[in-house]
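Below: one structure, written as structure tokens.
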Amino acid sequence: MSEQEPVHGHGASREGDRTSVRADERRSPGELPSPGELPSPDERTSLGDGPRSGDRAQYGVCAFLALLGALVIVDALSITPLTGSNDLIGPRSVPVLLGVALLVVAVVYGVDVARGGRGEPEAGEDVDLSTAMDWRTVLLLAGAFAANAVLIEPLGWVISGTVMFWGAAFALGNRHHVRGLMIAVVLSLVTFYVFAIGLGVNLPAGVLQGIL
């Protein structure tokens, strides 16, 4: 009876290889394989082209998130609460909650990686690594941010922010100068009042002090 039983293991593997070869012979040179001819995730893993090839990098991200969460919690616990404050939540609660959330994400991510999960590559991204860096755009963006840093104190955020937003749009290819300038002014005013009213942070008003 034992001689009639089907042989698994190496025999099945050889049969699968022969089937794959026959499928390759039937396809024309430019024809892509059908979904049924593609190897399964387990087969790709055994061939070295599976999720385990990126495990080290993914585990590194897990470790980084866990370390960051632990540092946030330790730093939050070192905050001294203000005596006589009416704040029921206190200054520690939000950073501690953030640190715990980072630890939870690290653990969940690590479990997913251990089970073979991995992120799918971005199919729509088309990056030519052989193309030289566009230094003109990089320098224009750096100049826009540097101009904001230099002008924010004497002229105020609204003017310096307008220069930064307009300069960044110009560096990235916008050539509608009037429309870009108007949008930059609106963004600067909106952020100025969001910080002042919503967050209680007064950005420098500069030469517009008393007007805004």
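The shown structure was predicted, so the numbers you read here are calculated from the model rather than taken from an experiment.
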For residues [X] and [Y]: do they belong to one hydrophobic cluster (side chain heavy atoms under 4.5 Å, members Ile, Leu, Val, Met, Phe, Trp, Tyr)?
X: L77; Y: V104; value: yes
X: I152; Y: F145; value: yes
X: L102; Y: F64; value: yes
X: Y193; Y: I159; value: yes
X: V207; Y: I211; value: yes

Where is the tightest heavy-atom contact between [X] and [Y], given as atom of each residue plus distance?
X: N174; Y: G180; answer: ND2-CA, 3.8 Å
X: A66; Y: A106; answer: N-CB, 3.6 Å
X: Y59; Y: A114; answer: OH-CA, 3.3 Å
X: T162; Y: A184; answer: O-CB, 3.6 Å
X: A171; Y: T137; answer: O-CG2, 3.4 Å
X: E153; Y: P204; answer: OE2-CG, 4.0 Å

So, taking the atom named [atom1] in [X] and the one named [atom2] in [Y], what distance separates them when rounded to the nearest 0.5 Å?
X: F192; Y: L208; atom1: CZ; atom2: CG; value: 8.0 Å
X: L65; Y: L103; atom1: CG; atom2: CG; value: 9.0 Å
X: D112; Y: C62; atom1: CG; atom2: SG; value: 8.5 Å
X: L67; Y: L71; atom1: CG; atom2: CG; value: 4.5 Å

Do [X] and [Y] come within less than 4.5 Å of each other through their side chains, counting heavy atoms only?
X: N148; Y: S160; result: yes
X: D134; Y: V138; result: no
X: H176; Y: F170; result: no

Under the side-chain contact (heavy atoms from CB on, under 4.5 Å) criterion, do L172 and L141 qualify, and how do the steps go? CA-CA 8 Å; L172 295 175; L141 285 172; 4.2 Å; yes
Chi angles and distances behind the side-chain contact (heavy atoms from CB on, under 4.5 Å) call for V61, Y109: CA-CA 9 Å; V61 175; Y109 189 18; 3.6 Å; yes
Do W157 side-chain atoms and A205 backbone N/O form a donor-acceptor pair below 3.5 Å?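 Absent.
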Is the number of heavy atoms from other residues, nucleotides or ligands within 6.0 Å of CZ (R136) greater than 12? no
Under the side-chain contact (heavy atoms from CB on, under 4.5 Å) criterion, do I73 and L98 qualify, and how do the steps go? CA-CA 8 Å; I73 293 175; L98 177 60; over 6 Å; no
